[in-house]
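Everything below concerns the one structure shown next.
What's counted below: heavy atoms across the whole structure, side chains too, no hydrogens, waters or symmetry copies. Letters A, B, ... mirror the listed sequences (proteins, then strands); counts begin at 1.
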There are 2 protein chains.
Amino acid sequence: MAAQPPRPKLPPLTALRAFEAAGRLGGFTPAARELGVTPAAVTAHLKTLEQSLGAALFERHPRGVALTDLGARVLPDFTRAFRQLDAAMQRLEGEATPGLVRIATTADLAQLWLSPRLPRLRRAGFQVIPVPVESPGAARGLADLGLFLLPGAGAEAPLIAVSAPGPAAGLMALDPAFTLSLAGAAGDWARWAAAAGIPAFRPRGPVHGSAALALEEAANGAGLLVIARPLAEAALAQGRLIDPYGIAAESGLTLALWPLRDLAPDSAPAQVLAALA
Amino acid sequence: MAAQPPRPKLPPLTALRAFEAAGRLGGFTPAARELGVTPAAVTAHLKTLEQSLGAALFERHPRGVALTDLGARVLPDFTRAFRQLDAAMQRLEGEATPGLVRIATTADLAQLWLSPRLPRLRRAGFQVIPVPVESPGAARGLADLGLFLLPGAGAEAPLIAVSAPGPAAGLMALDPAFTLSLAGAAGDWARWAAAAGIPAFRPRGPVHGSAALALEEAANGAGLLVIARPLAEAALAQGRLIDPYGIAAESGLTLALWPLRDLAPDSAPAQVLAALA
DNA sequence: TCTTAGGCTAAGAAAAACTTAGGCAAGAAA
DNA sequence: TTTCTTGCCTAAGTTTTTCTTAGCCTAAGA
């Protein structure tokens, strides 16, 4: 049975989602990140949509885009609709597999903080799966809980310096070459050094992109690593690393675990949230 | 810039839409009709969806399908969400091209009833486009107004018999071979003949699938055609056809024109509705 | 001036969606 | 009973959509 009319052509859902994300986030590039595609794909979607509409949704500026009047007027409707759709999908997935809890987090937090806590939760009957995302914003509709280091008041994630255990390490004077740094955490060393009373200290050692890797290096004796304590706790507890100076600095970050959607009081996500908090 | 994780995999929107339609309409086949695809496509979507979910949404019975408990529980959420999405899309299209009015109707009504009325509306600044659909249900989200012959109380669409003008035609006794019938309107001749006082009359002439074609044939003198008056009015007004017997029978159908969504009071669709009613 | 951010385009590749064709089981019709 | 019809399923193959890669362009900021 073929469709009689050439093609009724219902609204291009994918393109609409691209529009919604781009409008809400204020650009094609962040939208692409959220959707998990390249910016070129978003460009193409918007082009299609505007063409089929016969009207522009964004003004193109050389440095970015801005919603047109029309775009701004209709965006909230789409945001609402997609939020409802996401919520419905979440509910469906939740009800389809009771006990399932998805936690959106970074790869580092998943490996270093969440992973050690999973066995206990699994034994309690929860099927916890970490969903790796780049930022809290990208978690939209993908998970029940979010776990991130966020800029925030609490001093719950202090910076500490860690190194391999052994008598020598802790006693050495600070050597700029005997350091390990994390990419994207440029200020951490400065903050810690200031707290340690050496404001002018500049690390010169290798920079790692992954906290897990940097910790591994540190455990192998490659240098002194400044890192948020929650990420190092497991290794400290195992004795693979030590905190030779015992100096903690404010990181300005808090380890936050919070619901990404409304949770039914006794649902699996709510229970896991309570268990981890 | 490639997406880091293999693929965050947002919900398969097309499959969700198939689920929603199938759930709401109570079967895969009607859903396929509404979506303008074959039933096999709907089957495949549901299979994908249920597989990725790890749970069944429909119980398969040999004669059809029924929502499972889970499916029934979540369906309303999806219906609501998609309705909102459709509404947003409608609003977007409406605002993008002011003056645009889409009327969902059958090919016959579009050609025979709507088409003659379009020039006046076009001159009034409305861009009216008929959207051909098979049934009112399939119009969901595709148009602003619906125009159909519906089973209904009013006698607004009586059946009449028409033929080519000329002295002989009207005077002839009824000849079963000198008839034209419409496919899908099996009872029409019987009703009209009953009203004419010839209850046992059975037409034997050719059967046409399209009212427009049948009217054309009748105008060419091929026979007597029983048809709902609204469809023949234009040809009668032009003198291309006559109503030789002057006998009208109840068709049980009413020509209905109604809004398929909420219309803003002074919007183009509302004005066109008022002008046509 | 150089660099960077953000978007655009074209071409080709990958993945999703759809159709066709045939099959099966149960209720309806003969 | 037998036959027909309805509604869904499966497999194979094709079309359409969606996405990525790679290179270009403009303006703002260092």
Side-chain angles (χ1 to χ4, degrees), chain A residues 1-52 56-68 71 134-135 184 186, chain B residues 1-52 56-68 71 137-138 184 186:
Chain A
M1 178 197 308
Q4 280 317 36
R7 179 84 44 121
K9 207 62 167 167
L10 19 155
L13 292 181
T14 322
L16 289 181
R17 203 184 251 278
F19 161 62
E20 193 274 334
R24 176 166 39 83
L25 300 172
F28 290 4
T29 302
R33 228 188 329 268
E34 169 168 314
L35 298 172
V37 299
T38 55
V42 176
T43 299
H45 274 145
L46 267 295
K47 191 177 153 191
T48 307
L49 187 53
E50 293 184 325
Q51 206 141 29
S52 94
L57 293 167
F58 288 93
E59 291 164 7
R60 267 64 170 192
H61 300 140
R63 202 69 206 297
V65 295
L67 283 167
T68 59
E134 316 244 325
S135 72
Chain B
M1 178 198 306
Q4 282 316 40
R7 180 75 53 111
K9 208 57 164 171
L10 17 158
L13 293 181
T14 321
L16 290 181
R17 205 187 250 280
F19 160 62
E20 193 275 334
R24 177 165 40 82
L25 300 173
F28 290 4
T29 302
R33 228 187 331 264
E34 170 168 313
L35 298 171
V37 300
T38 54
V42 176
T43 299
H45 274 144
L46 267 294
K47 191 178 152 189
T48 308
L49 187 53
E50 293 184 325
Q51 206 142 29
S52 96
L57 293 167
F58 288 93
E59 292 165 5
R60 268 62 171 195
H61 298 141
R63 199 69 206 299
V65 295
L67 282 167
T68 60

Let me check something: any side-chain donor-acceptor pairs from residues 40-48 of chain B under 3.5 Å, sequence neighbours excluded? List them with distances.
from, atom 1, to, atom 2, distance (Å)
B:Thr43, OG1, B:Pro39, O, 3.1
B:Thr48, OG1, B:Ala44, O, 2.9

Go through [options] for me and flag the one nearest to the [X] side chain.
X: A:Arg60; options: C:dC8, D:dT18, D:dC8; value: C:dC8
X: B:Pro62; options: D:dC19, C:dA26, D:dC8; value: C:dA26
X: B:Thr29; options: C:dT20, D:dC19, D:dC8; value: D:dC8
X: B:Arg63; options: D:dT18, C:dG27, C:dT20; value: C:dG27

To the nearest 0.5 Å, how far apart are CG in A:Leu25 and CD in A:Glu34?
-> 5.0 Å
Spacing of A:Arg17 atom CZ and A:Leu13 atom CG [to the nearest 0.5 Å] = 9.0 Å
Can you see if the side chain of [X] gets near the phosphate of [N] - specifically, an N or O under 4.0 Å from OP1 or OP2?
X: B:His45; N: C:dA16; answer: no
X: A:His61; N: D:dA28; answer: no
X: A:Thr14; N: D:dT18; answer: yes
X: B:Thr43; N: D:dC8; answer: no

Do the non-hydrogen side-chain atoms of B:Phe19 and B:Thr14 ever get within less than 4.5 Å of each other?
-> no
Rounded to whole angstrom units, what separation is found between the [atom1] atom of [X] and the [atom2] atom of [N]?
X: A:Leu13; N: D:dT16; atom1: CG; atom2: C1'; value: 15 Å
X: B:Glu59; N: D:dG7; atom1: CD; atom2: C1'; value: 16 Å
X: B:Phe19; N: C:dA17; atom1: CZ; atom2: P; value: 17 Å
X: A:Lys47; N: C:dT9; atom1: NZ; atom2: C1'; value: 7 Å
X: B:Phe28; N: D:dT6; atom1: CZ; atom2: C1'; value: 15 Å
X: B:Glu50; N: D:dC9; atom1: CD; atom2: C1'; value: 13 Å
X: B:Arg33; N: C:dC18; atom1: CZ; atom2: C1'; value: 18 Å
X: A:Gln51; N: C:dC8; atom1: CD; atom2: P; value: 13 Å

Base, sugar-phosphate alone, or nothing: which one does B:Val42 contact when heavy atoms must sit under 4.0 Å apart?
-> nothing
Output all residues satisfying salt bridge (Lys or Arg N to Asp or Glu O under 4.0 Å) with B:Arg60, sequence neighbours left out; order by chain, then residue number.
-> B:Glu50
